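Step one of this worksheet: look at the structure below.
Each ligand, and each atom within it, is numbered from 1 in the order the structure gives. None of the values given here were measured: they were computed from a predicted structure.
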Amino acid sequence: MVVEIKKIGVIGSGQMGSGIAHVCAVAGYDVALSDISMDRIESGLANINGNLARQVQKGQISEEARSQALARISPAVDLDMLSEADLVIESAVENEQVKRKIFSQLCPLLKPEAILATNTSSISITRLAASTDRPERFIGIHFMNPVPIMELVELVRGIATEDETFEASKDFVAKIGKTIAVAEDFPAFMVNRILLPMINEAIYTLYEGVGSVESIDTAMKLGANHPMGPLQLADFIGLDTCLSIMQVLYEGLADSKYRPCPLLVKYVEAGWLGRKTQRGFYDYRGDTPVPTR
Ligand SMILES: NC(=O)c1ccc[n+]([C@@H]2O[C@H](COP(=O)([O-])OP(=O)(O)OC[C@H]3O[C@@H](n4cnc5c(N)ncnc54)[C@H](O)[C@@H]3O)[C@@H](O)[C@H]2O)c1
């Protein structure tokens, strides 16, 4: 059954969920944005508003497009408000139990033909799909951060994902102006399978005292021509997300080369999760970021 995607539900209004809602609304889709509280949804909407305003300033979209996009996003305090959606994209925290719980509450509310997608960075699509009532209509649509800026979307089929689901998802990604890379369903897919071990190695380099935060980031920016250093990037992704991806790689591939650096664990235990909590490998509370080690 080929579904025409018109209405979209987004679960989780954090940095990724709000970005997904933003690009969908700009592309003309009606979006219902959900999270655990109205406060969280409002903070997601404020984030979208700020990012849309920046796009207007840069001349990328008109003021009219900004207000129209905002008007297309409705806060969904109850999951019930996602029942009309043709596609729901789950983008809540990177925790399998949380995601499974969301799916068990959501699925009975959805139309039978609705497609359910997850923006997980690393968890098995096949395993998540198996916990739902619609493994054939389940798919990984993995956006990159920040969503309005990054062009790539990894599309990941689970073992049971039907061709119609895959094709409808491909059309959707094209309509929001992104480019697809198809990945097989193995831990962390492609981008994070390659990127996160590099970030983890940068943290080991810091942990072992080979370099300071600044020298490691400078080394990779100027020595490998990366637009931002690996520790700066880790703060940007969120250190909790980095740690969960490393744990998924470590457990999923059963290879000790993926062991998360103890220093990464310590930062997460401290609640220093990077930009989103104003402190990670850098302290963002002042005018310019200051290294924390
Ligand atoms: N940060 C990245 O660079 C990145 C990139 C690609 C994909 N992802 C994936 O996107 C997802 C979200 O990551 P993020 O960076 O936006 O995290 P985040 O911490 O910014 O946001 C997560 C949001 O999920 C909400 N949430 C928690 N439990 C919930 C529930 N039961 N129901 C609804 N909402 C709930 C939280 O309140 C929060 O607003 C994760 O699966 C992550 O792996 C992250």
Practice prompt. May I ask you to check whether Asn200 and Arg259 show a side-chain donor-acceptor distance below 3.5 Å?
Written response: no

Discussion item. Evaluate Glu164 against Arg137 for salt bridge (charged side-chain N to carboxylate O under 4.0 Å, His left out), listing each step before the verdict.
Written reply: CA-CA 8 Å; Glu164 287 84 354; Arg137 305 197 73 73; 5.7 Å; no

Discussion item. Just to be sure I'm reading this right: ignoring hydrogens, which of Gln15, Gln105, Met16 gets closest to atom 13 (O) of ligand 1? Compare them by their nearest heavy atoms.
Written reply: Met16

Worksheet item: Between the side chain of Asp86 and the main-chain N/O of Lys7, is any donor-acceptor distance below 3.5 Å?
Response: yes

Worksheet item: Hey, which atoms in ligand 1 end up nearer than 4.0 Å to a heavy atom of Lys99?
Response: 40 (C), 41 (O)

Worksheet item: Which atoms from ligand 1 have a heavy atom of Ile11 less than 4.0 Å away?
Response: 33 (C)

Worksheet item: In terms of side-chain heavy atoms, does Ser122 have a donor or acceptor partner in Glu94 at a distance below 3.5 Å?
Response: yes

Practice prompt. Flag Asp240 as yes when one of its N or O atoms lies below 3.5 Å from any N or O atom of ligand 1, and as no otherwise.
Written response: no

Worksheet item: Does ligand 1 have a heavy atom under 4.0 Å from the side chain of Arg40, from its backbone, from both, or from neither?
Response: side chain

Item to complete: For Ser91, take its heavy atoms, then give the atoms of ligand 1 lying under 4.0 Å from any of them.
Response: 10 (O), 11 (C), 12 (C)

Worksheet item: Do any heavy atoms of Gly238 fall under 4.0 Å from ligand 1?
Response: no

Practice prompt. Answer yes if the side chains of Thr292 and Asp283 hold a donor-acceptor pair under 3.5 Å, and no otherwise.
Written response: no

Item to complete: Find all atoms of ligand 1 within a distance of less than 4.0 Å from any non-hydrogen atom belonging to Val93, and give their numbers and elements.
Response: 22 (C), 24 (O), 27 (C)

Discussion item. Can you tell me which portion of Thr118 lies within the under-4.0 Å heavy-atom range of ligand 1? Options are side chain, backbone, both, or neither.
Written reply: neither

Item to complete: Taking only heavy atoms of Val98 into account, list the atoms of ligand 1 that are under 4.0 Å away from them.
Response: 28 (N), 31 (N)

Worksheet, complete the sentence: ligand 1 to Asn145, heavy atom cutoff 4.0 Å, flagged ligand atoms 1 (N), 2 (C), 3 (O)

Discussion item. Apply side chain to side chain contact (heavy atoms under 4.5 Å, CB included) to residues Ser83 and Lys111 and explain how you reach the verdict.
Written reply: CA-CA 7 Å; Ser83 61; Lys111 299 191 279 193; over 6 Å; no

Discussion item. As an exercise, identify every atom of ligand 1 less than 4.0 angstrom from a heavy atom of Asn119.
Written reply: 7 (C), 8 (N), 9 (C), 10 (O)

Response to the item:
Near His142 (heavy-atom distance under 4.0 Å), the atoms of ligand 1 are 6 (C), 7 (C)

Discussion item. Working note: Ser13 + Leu45, criterion side chain to side chain contact (heavy atoms under 4.5 Å, CB included); need CA distance, chi angles, decisive distance, verdict.
Written reply: CA-CA 8 Å; Ser13 63; Leu45 287 171; over 6 Å; no

Fill in: ligand 1 contact by Met144, heavy-atom criterion under 4.0 angstrom
no

Fill in: Chi angles and distances behind the side chain to side chain contact (heavy atoms under 4.5 Å, CB included) call for Val88, Ile8
CA-CA 6 Å; Val88 174; Ile8 297 190; over 6 Å; no

Discussion item. Could you work out, for atom 24 (O) of ligand 1, the closest of Ser121, Ser43, Ala92 by heavy-atom distance?
Written reply: Ala92

Discussion item. If we set the cut-off at 4.0 Å for heavy atoms, which region of Phe143 has an atom near ligand 1: side chain, backbone, both, or neither?
Written reply: backbone

Item to complete: Could you give me the CA-CA distance, side-chain angles and deciding distance for Asp235 and Lys276, then say whether salt bridge (charged side-chain N to carboxylate O under 4.0 Å, His left out) is met?
Response: CA-CA 8 Å; Asp235 276 357; Lys276 62 184 167 189; over 6 Å; no

Item to complete: Would you kindly say whether Tyr258 and Arg193 are connected by a side-chain donor-acceptor distance under 3.5 Å?
Response: yes

Worksheet item: For atom 26 (N) of ligand 1, which protein heavy atom lies nearest, and how many Å away is it?
Response: Asp35 OD1, 3.7 Å

Worksheet entry | Distance-only side-chain donor-acceptor flag, Thr218 / Ser215, under 3.5 Å | no

